[in-house]
Amino acid sequence: MRMQFWSDAINNIFKGNPPQQPIALAVAAALKECPLSRMWFKRIITERTTNLDDHQFMTIKDMESYSENTASALLYLQLESLGIKDVNADHAISHIGKMIGITTFLRSFPFHLSQKRLVLPAQITAKYNLSQEDLFRNGRAEGLEDAVFEVATAANDHLLTARSMLKQIPPEAFPVLLSAVPSARFLEKLESTNFNLFDPKLLRKDWKLPLSLWASYRRRQI
């Protein structure tokens, strides 16, 4: 029902008749200032509708596809809001969105597990002989850190690819690329815990994040 509301809302917003809802009104106001593609909004809604039950992904590729259609789509909209049309920026944003999406699933792993949902791909849990029953009952299982390492490596590979393209991207696109910094810092912290998603260190607020964002902007690095 809620996804249908947003699907109808986007249609009405682009017809110039937004519903009297704060977010819908904000999107309608944004459209008056800059051209935004309906396609990206629809892609996000369609992907969320397909995965509304938060079912387990089969492969890392499935996680990447979901992330491309949600996190990357939001970043494409940010590029559009800045009036940037650049193939290299699009390519980098695609990888950053996938990295953000995968990292978000890793960050939320303990919560999803408490709700009896497993966000690690079935291909990975099978590879490391992870028992869903053990994870749901005990929260931990032998081989979990190895499984997390493999998924985190996939996220980091996307980050490295995006970093390799920074010199080819217009400087005015860099504010959008800064979206990668929080997730990149989480991956670093996760590595320092030996890929233990339950380490209390991962729950602490990153008070250095504002400084890191400022430094990344100054150095044009993510």
Side-chain angles (χ1 to χ4, degrees), residues 1-108 111-112 115 117-119 121-122 151 154-155 157-159 161-162 165 169-170 172-183 222:
M1 182 66 72
R2 61 181 178 178
M3 289 296 104
Q4 187 59 51
F5 167 82
W6 284 113
S7 182
D8 294 340
I10 292 299
N11 288 333
N12 289 326
I13 288 169
F14 277 86
K15 290 177 182 176
N17 184 32
Q20 296 302 299
Q21 197 272 353
I23 295 176
L25 292 172
V27 173
L31 284 175
K32 295 177 181 179
E33 303 295 330
C34 54
L36 300 174
S37 299
R38 184 195 312 224
M39 170 184 68
W40 301 124
F41 291 102
K42 287 291 190 180
R43 185 170 292 187
I44 294 168
I45 293 168
T46 299
E47 190 67 31
R48 281 300 298 138
T49 301
T50 303
N51 293 275
L52 206 55
D53 60 349
D54 292 315
H55 59 265
Q56 185 180 16
F57 294 107
M58 293 304 297
T59 66
I60 290 179
K61 289 291 184 185
D62 292 335
M63 292 183 85
E64 292 173 340
S65 177
Y66 177 89
S67 302
E68 168 72 18
N69 290 327
T70 53
S72 296
L74 284 171
L75 298 177
Y76 293 137
L77 285 168
Q78 291 181 41
L79 283 180
E80 287 188 341
S81 73
L82 295 174
I84 297 170
K85 294 183 179 179
D86 182 84
V87 65
N88 290 319
D90 287 345
H91 191 186
I93 285 300
S94 173
H95 286 287
I96 288 174
K98 290 173 183 175
M99 184 272 291
I100 292 174
I102 295 173
T103 303
T104 300
F105 279 116
L106 291 175
R107 294 183 75 152
S108 63
F111 168 75
H112 282 293
Q115 303 299 308
R117 293 192 296 263
L118 191 56
V119 294
V151 176
D157 286 345
H158 286 294
L159 176 61
T161 301
M165 304 178 65
I169 297 170
E172 56 269 24
F174 198 78
V176 181
L177 274 62
L178 285 175
S179 299
V181 174
S183 293
I222 56 175

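- Scanning both residues, L77 and L36, for their nearest heavy atoms gives O-CD2, 3.5 Å.
- Taking the six-membered ring where the residue is Trp, F105 and F57 present perpendicular rings, their angle passing 60° and hence far from 30°.
- Of the possible donor and acceptor atoms, none in the side chain of D8 sits under 3.5 Å from a partner among the backbone N and O of F5.
- Atom-to-atom distance recorded for S183:OG and I222:CD1 is 10.5 Å, nearest 0.5 angstrom.
- The closest side-chain heavy-atom distance from F41 to W6 is not below 4.5 Å.
- Taking every heavy atom of both residues into account, S72 and G97 meet most closely at OG-CA, 3.1 Å.
- Identified under the side chain to side chain donor-acceptor pair (under 3.5 Å) test for residues 28-43, with sequence neighbours left out: S7-K42, N11-R38, N11-K42, S37-E80, W40-E80.
- Rounding to the nearest 0.5 Å places CD1 of I169 at 10.0 Å from CD1 of I84.
- Closest approach of P121 and Q56 over heavy atoms only: C-NE2, 3.7 Å.
- A tilted orientation is assigned to the rings of H95 and H158, their planes being inclined by 30° to 60°.
- Counting heavy atoms from C-beta outward, E64 and I102 have side chains that approach closer than 4.5 Å.
- Note that CG of N12 and CD of Q21 are 12.5 Å apart. Values are rounded to the nearest 0.5 Å.
- Side-chain contact between N69 and T46 is absent, with no heavy-atom pair separated by less than 4.5 Å.
- Nearest heavy atoms, A89 versus P170: CB-CD, 4.5 Å.
- Summarising the geometry, atom CE belonging to M165 is positioned 5.0 Å from atom NE2 belonging to H91; distances are rounded to the nearest 0.5 Å.
- Side-chain atoms of I96 and L159, non-hydrogen and from C-beta on, never get closer than 4.5 Å to each other.
- When all heavy atoms of E68 and S94 are compared, the closest pair comes out as OE1-OG, 2.7 Å.
- Counting only heavy atoms from C-beta outward, the side chains of N51 and T70 never approach each other to under 4.5 Å.
- Between the Q115 side chain and the R117 main chain, no donor and acceptor come within less than 3.5 Å of each other.
- We find the OH-CG distance between Y76 and D90 to be 6.0 Å, quoted to the nearest 0.5 Å.
- The shortest distance between side-chain heavy atoms of K61 and Y66 does not fall below 4.5 Å.
- For the residue pair S179 and I100, the shortest heavy atom distance occurs at O-CD1, 3.5 Å.
- The number of heavy-atom neighbours closer than 6.0 Å to CE of M39, taken from other residues, nucleotides and ligands shown, is above 12.
- A heavy-atom distance below 4.5 Å is found between the side chains of M63 and V151.
- Considering CG of L177 and CD1 of I93, their distance stands at 4.5 Å, rounded to 0.5 Å.
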